[in-house]
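Sequence positions, counted from 1, serve as the residue numbers for this chain.
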Amino acid sequence: MKKTVQLSRGKRGLRDRFELMDAVILVFLTVWAISIILPFVSVIAISFATPKEYLESPLLLFPTRPTLANYRTLFADGRILIGYRTTLIILLLGVPINMFLTTSVAFALSRPAFPLKKFFLYAVMFTMLFHGGIVPLYLLMMELKLTNSIWSVILAYGVNTFYMIVMRSYFQSLPDSLMESARLDGAGEWRILFQIVLPLSMPIIATILLFYSVDRWNEWFNAMIFLRRNSMVPLQLVLRSMVLEATAEKTMMASSSAIQQSMFSDGLKMSAVIVTMLPIMCVFPFLQKYFVKGILIGAVKA
């Protein structure tokens, strides 16, 4: 009887300890979530705030007198529209090239009978550790006469090695019997890829598509190196220039009227941030279920 009572007390104490741990984890995650959400809410609030209201409360969460003046000024500038146009061109031309190259390489390296498979796999993985650098890439673009052209930005980024390995791991998880039966029916490798493998791989396709879309949407470094015309500046480079201009204004201006203008620059900067990340935020919910499933399967298989 005593052993039973002690055992029940031990179980109750273990359960209470786990409940206490769950409460601690819940509080920690809640504080962590608030620390992530509050800056985002503040950015949205500042983009709709007036300079006077932002002066009164720098940590602004709910503007009492919301205005669209910052957004009107932003789009009246003209650079944001040029940035949208250039970024959309990079996205629409670059992502299909990225997906075609990544899918082709991943499918080839996932086949057991592919000749010299390990050699090519290690050669591709070698690029994760060593890179030629920006100078050889720039000289190559000059030799191909692609500098100051949108194709220099598009072709400078072909295959992401990590994305390719994740996709290869997913392809390896597919049953080999499907491919073998298709070969017996006379199907070639390209037909097997497009008619059998890709329809069964929509989770990983959507995941890698989202990754490449975010990468292309955030493209700025290669554009800064290769593009010199103001009519070809991508969106992230426009945002970078606006942030630098707002920072310079804050540093140089000292009078009260200048401070008012500086605060308005902060509203313009925050509205540019919202406009820049809004398209990706709108696309992500539609790909979220595929995104989570693709990441889990690729990670477990790898």
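- The CE atom of Met224 lies 11.0 Å from the CD atom of Glu219; values are rounded to the nearest 0.5 Å.
- Closest approach of Met167 to Ile204, counting heavy atoms only: CA-CG1, 4.0 Å.
- No donor-acceptor distance shorter than 3.5 angstrom exists from the side chain of Asn222 to the backbone of Val153, with no hydrogens or angles considered.
- With hydrogens and angles disregarded, a donor-acceptor distance shorter than 3.5 Å links the side chain of Thr87 to the backbone of Leu235.
- Not a single donor-acceptor pair under 3.5 Å links the side chain of Asn148 to the backbone N or O of Leu227.
- The closest donor-acceptor contact from the side chain of Thr86 to the backbone of Gly83 lies at 3.5 Å or more, if one exists at all.
- For the pair Ser110 (side chain) and Phe107 (backbone), a donor-acceptor distance under 3.5 Å is present.
- Note: Arg216 CZ to Asn98 CG = 4.5 Å, rounded to the nearest 0.5 Å.
- Taking the side-chain hydrogen bond (donor to acceptor under 3.5 Å, both in side chains) definition, one finds that Asp215 meets it with Tyr157, Tyr163, sequence neighbours left out.
- Counting all heavy atoms, side chain and backbone alike, Phe171 lies closest to Ala106 at CD1-C, 3.8 Å.
- Rounding to the nearest 0.5 Å places OG of Ser271 at 12.0 Å from CD1 of Ile44.
- Side chain of Arg85 to main chain of Ser231: a donor-acceptor pair is present (N/O by atom type, distance under 3.5 Å, no hydrogens or angles).
- In terms of modelled atom types and a separation under 3.5 Å, the side chain of Ser104 and the main chain of Leu101 share no donor-acceptor contact.
- Heavy-atom minimum distance, Ala156 versus Phe226: CB-CE1, 4.1 Å.
- Both Leu155 and Met99 belong to a single network of hydrophobic side chains, linked directly or stepwise wherever heavy atoms of I, L, V, M, F, W or Y lie under 4.5 Å apart.
- Residues Arg168 and Leu121 are in side-chain contact: their nearest non-hydrogen atoms beyond the backbone lie under 4.5 Å apart.
- Closest approach of Leu237 to Val233, counting heavy atoms only: CB-CG1, 3.6 Å.
- Taking CD1 of Ile274 as the start and OH of Tyr71 as the end, the distance is 5.0 Å to the nearest 0.5 Å.
- Of all non-hydrogen atoms in Val238 and Arg79, the two that sit nearest each other are CG2-O, 3.5 Å.
- Residues Tyr212 and Thr102 have side chains that bring a donor and an acceptor to within less than 3.5 angstrom of each other.
- The two residues Ile150 and Ile90 have their closest heavy-atom pair at CD1-CG1, 3.6 Å.
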